[in-house]
Amino acid sequence: MDMVRITHTWMLAGLHLVDNTDHNLYLGTSASEILHFVQIPPDPTEPFGKPSYILASRLPPYYATPSASERPGVQQILLLPRINKACILCNWTVTFYSLPELSPVFGNTQVPNCNWIGGVDLNSAQSVSEPEPGVQSVTVLLSLNKRIRVVKIGEDARSLRV
């Protein structure tokens, strides 16, 4: 993916991370916002045309107010394209959204006191593939302050006992 030049006067906050899937680009900022850009294909009449991106939405993810005054902003974006969901870690709180538009799912469920989300094998061809009709769920790990929670995400999110 080529570097994307994005110039907006309101983007004074630092960009923490970038993730993309299926012509959608998601940027997490230190100002606790997700910026969702959609790729516009290049003009076919230009031989060396490059795609451009337009801002589709600007989302402040839900989060529990941390007890400390430190608010690191968006810490992690975990895209799950096989089930059209995303997990976002913002200010130590995980929330869940649908892809590509980032609509809240699971009744705005929030998991506070989380330090990391993951567990999906990103090297597996299956975990980065397009949505599959037979795939109903994906299992992710949430590293909470005192334990690791295993969550199965599909049409609903369920905590699993391990």
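Here the CZ atom belonging to Arg82 is positioned 12.5 Å from the OG1 atom belonging to Thr21, to the nearest 0.5 angstrom. Between the OG atom in Ser137 and the CD1 atom in Ile153 there is a gap of 9.0 Å [rounded to 0.5 Å]. To the nearest 0.5 Å, the span separating CG on Leu102 from CG on Leu35 amounts to 10.5 Å. How far NE2 of His36 is from CD1 of Ile54: 9.5 Å, rounded to the nearest 0.5 Å.
At a threshold of 4.5 Å between non-hydrogen side-chain atoms, the residues Cys87 and Phe96 count as touching. Using a 4.5 Å heavy-atom threshold, the side chains of Trp116 and Gln75 count as separate.
Closest heavy-atom contact between Gln110 and Tyr63: OE1-C, 3.8 Å. Of all non-hydrogen atoms in Phe37 and Leu27, the two that sit nearest each other are CE1-CD1, 3.4 Å. Nearest heavy-atom pair across Ser32 and Cys90 is CB-SG, 3.8 Å. Minimum interatomic distance between Ala86 and Leu79 (heavy atoms only, all atoms of both residues): CB-CD2, 3.8 Å. Across all their heavy atoms, Gly28 and Ile77 have their closest contact at N-CD1, 4.0 Å. Contact record, Val38 with Ala56: CG2-CB, 3.6 Å, taken as the closest heavy-atom pair.
Shown are Val111, Leu141, Ile117, Val94; of these, the side-chain contact (heavy atoms from CB on, under 4.5 Å) with Arg149 is made only by Val111.
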Assess the residue pair Thr95 and Asn108 against the criterion (side chain to side chain contact (heavy atoms under 4.5 Å, CB included)); give the C-alpha distance rounded to whole Å, side-chain angles, the decisive distance to 0.1 Å, and a yes or no. CA-CA 7 Å; Thr95 48; Asn108 292 333; over 6 Å; no

request  = Apply the test side chain to side chain contact (heavy atoms under 4.5 Å, CB included) to residues Phe106 and Lys85: give CA-CA distance (whole Å), side-chain angles for both, the deciding distance (0.1 Å), then the verdict.
outcome  = CA-CA 11 Å; Phe106 314 138; Lys85 301 282 189 288; 3.9 Å; yes

Just do the side chain to side chain contact (heavy atoms under 4.5 Å, CB included) check on Ile88 and Tyr26 with the steps written out, would you? CA-CA 11 Å; Ile88 297 177; Tyr26 303 94; over 6 Å; no

For Asn24 and Leu99: C-alpha separation, side-chain torsions, deciding distance, then whether side chain to side chain contact (heavy atoms under 4.5 Å, CB included) applies.
CA-CA 9 Å; Asn24 290 279; Leu99 291 177; over 6 Å; no

